[in-house]
Every structure is written in C-alpha cells, then in structure tokens.
Amino acid sequence: MPAKPSDELARMILGVIALIPRGKVASYGQLAQLAGLPRHARLVGRVLREMDEVSDLPWHRVVSSQGKISVQKLDEQGMNIQASKLLEEGVAVIKGKINLKLYQWNGSIQ
C-alpha cells in the first residue's frame, strides 16, 4: 500500500486547489507544479482521493492533462458528478472532456 502523503504536502496541494477559479480547470500536473511539487501529479491524485467527501474545495475543477474528467461517480439522475458540477459553472464537457484551450486556469490569482 502506498504511503499516505504528509499533511504538509497535502496542505500545499489543497491550498492550490482552493485557488482554481469558478469556470476554470487545472490538470493534476499543473497543480503539482503550482504547489512547488513538479512531476508529482500522482501525489495530487492521491490527495484528492483522500479528501473528505463533504469538503467545499473545488475538487471537480481538477482534470487530466488531456482535459478528461477523472471521477466516475454518478448522481441520482445518472449524471457524472464531476461533469455536472463543471456544467453548473459554465464549463462545457463534451464526451467526458474539457477543452483546455478555453477553460484551463492560467495559475493567476484574480
């Protein structure tokens, strides 16, 4: 079983996730880079998997480097939860994918 990320590394990653603006997405690798942990995209994924389900952090704004949504959970209507949350923010999700040229966060704090 892989080691659990340290609380400090998790806080660094979660701190960056909290900054992703509404209507934008960021990739796992981009988040790792912005958290000062280049080449640690998998660590970002692990931190997200271990995040409390009732957290108000915008976890749904994190996608793969190809713009693919990564969470496969469905809501009561059978809609993908991540896609649904992104659509509510005006992010177009087509066949489980987001156009990163349009919706990728540039990393700046507004």
Side-chain angles (χ1 to χ4, degrees):
M1 175 166 243
K4 186 173 180 170
S6 77
D7 287 345
E8 182 181 346
L9 294 179
R11 271 195 298 276
M12 291 165 64
I13 291 166
L14 294 172
V16 176
I17 291 170
L19 300 174
I20 305 169
R22 182 178 177 82
K24 295 293 181 183
V25 297
S27 71
Y28 293 93
Q30 178 185 4
L31 287 174
Q33 183 80 31
L34 291 168
L37 302 164
R39 297 185 310 278
H40 284 81
R42 288 181 186 213
L43 179 61
V44 173
R46 206 157 59 226
V47 167
L48 281 168
R49 275 191 306 278
E50 293 174 4
M51 199 169 84
D52 187 350
E53 284 196 31
V54 297
S55 172
D56 58 357
L57 284 175
W59 61 267
H60 59 282
R61 297 178 187 152
V62 183
V63 298
S64 77
S65 60
Q66 296 84 36
K68 294 179 184 172
I69 58 174
S70 51
V71 175
Q72 300 305 319
K73 290 182 183 177
L74 304 179
D75 63 17
E76 300 80 35
Q77 291 78 37
M79 175 90 174
N80 180 288
I81 293 171
Q82 185 175 15
S84 179
K85 286 180 171 283
L86 289 168
L87 288 167
E88 285 174 17
E89 295 184 1
V91 176
V93 180
I94 301 167
K95 296 183 181 178
K97 201 168 177 188
I98 290 103
N99 182 337
L100 293 179
K101 288 181 180 156
L102 293 175
Y103 297 107
Q104 188 165 28
W105 178 42
N106 65 10
S108 68
I109 290 51
Q110 298 165 331

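Residues take their numbers from the sequence shown, with the count starting at 1. Only this structure's heavy atoms are used, side chains among them; waters, hydrogens and symmetry mates stay out.
The CZ atom of R46 sits 9.0 Å away from atom CD1 of I13, with the distance rounded to the nearest 0.5 Å.
Sorted by first and then second residue, the salt bridge (Lys or Arg N to Asp or Glu O under 4.0 Å) pairs involving residues 96-106 (not counting sequence neighbours) form an empty list. Counting only residues at least two apart or in different chains, salt bridge (Lys or Arg N to Asp or Glu O under 4.0 Å) contacts with residues 56-69 comprise R61-E89.
Considering only residues two or more places apart in sequence or on other chains, Y28 meets the side chain to side chain donor-acceptor pair (under 3.5 Å) condition with S70. For Q66, the side chain to side chain donor-acceptor pair (under 3.5 Å) partners are S64, not counting sequence neighbours. Taking R42 as the reference, nothing meets the side-chain contact (heavy atoms from CB on, under 4.5 Å) condition, with sequence neighbours excluded. Q104 pairs by the side chain to side chain donor-acceptor pair (under 3.5 Å) definition with Q30, not counting sequence neighbours. Applying the side-chain contact (heavy atoms from CB on, under 4.5 Å) criterion to L19, with sequence neighbours excluded, gives W105, I109. For L14, the side-chain contact (heavy atoms from CB on, under 4.5 Å) partners at least two apart in sequence or on another chain are I17, V47, M51, L57. Partners of K73 according to the salt bridge (Lys or Arg N to Asp or Glu O under 4.0 Å) rule, which considers only residues two or more places apart in sequence or in another chain, are E53. Take L74 and apply the side-chain contact (heavy atoms from CB on, under 4.5 Å) test, not counting sequence neighbours, and it matches N80.
Taking 4.5 Å as the limit, some side-chain heavy atom of L87 sits within range of a side-chain heavy atom of M79. Inter-residue side-chain proximity for W59 and V71 is flagged as met; some heavy-atom pair is nearer than 4.5 Å. The side-chain heavy atoms of M12 and V16, taken from C-beta on, include no pair separated by under 4.5 Å. For the pair L100 and V63, the minimum side-chain heavy-atom distance is below 4.5 Å.
Remark: side-chain polar atoms of Q82 are paired, donor with acceptor, to backbone N or O of H60 under 3.5 angstrom. No side-chain donor-acceptor contact under 3.5 Å links D52 to the backbone of S55.
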Assess whether side chain to side chain contact (heavy atoms under 4.5 Å, CB included) is satisfied between I20 and V62, documenting all intermediate values.
CA-CA 9 Å; I20 305 169; V62 183; 4.1 Å; yes

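Residues L34 and G107 approach most closely at CD1-CA, 4.1 Å, considering heavy atoms. The minimum heavy-atom distance linking A18 with P58 is given by the pair CA-CD, 4.1 Å. Closest of all the heavy-atom pairs between A32 and A41 is CB-N, 3.9 Å.
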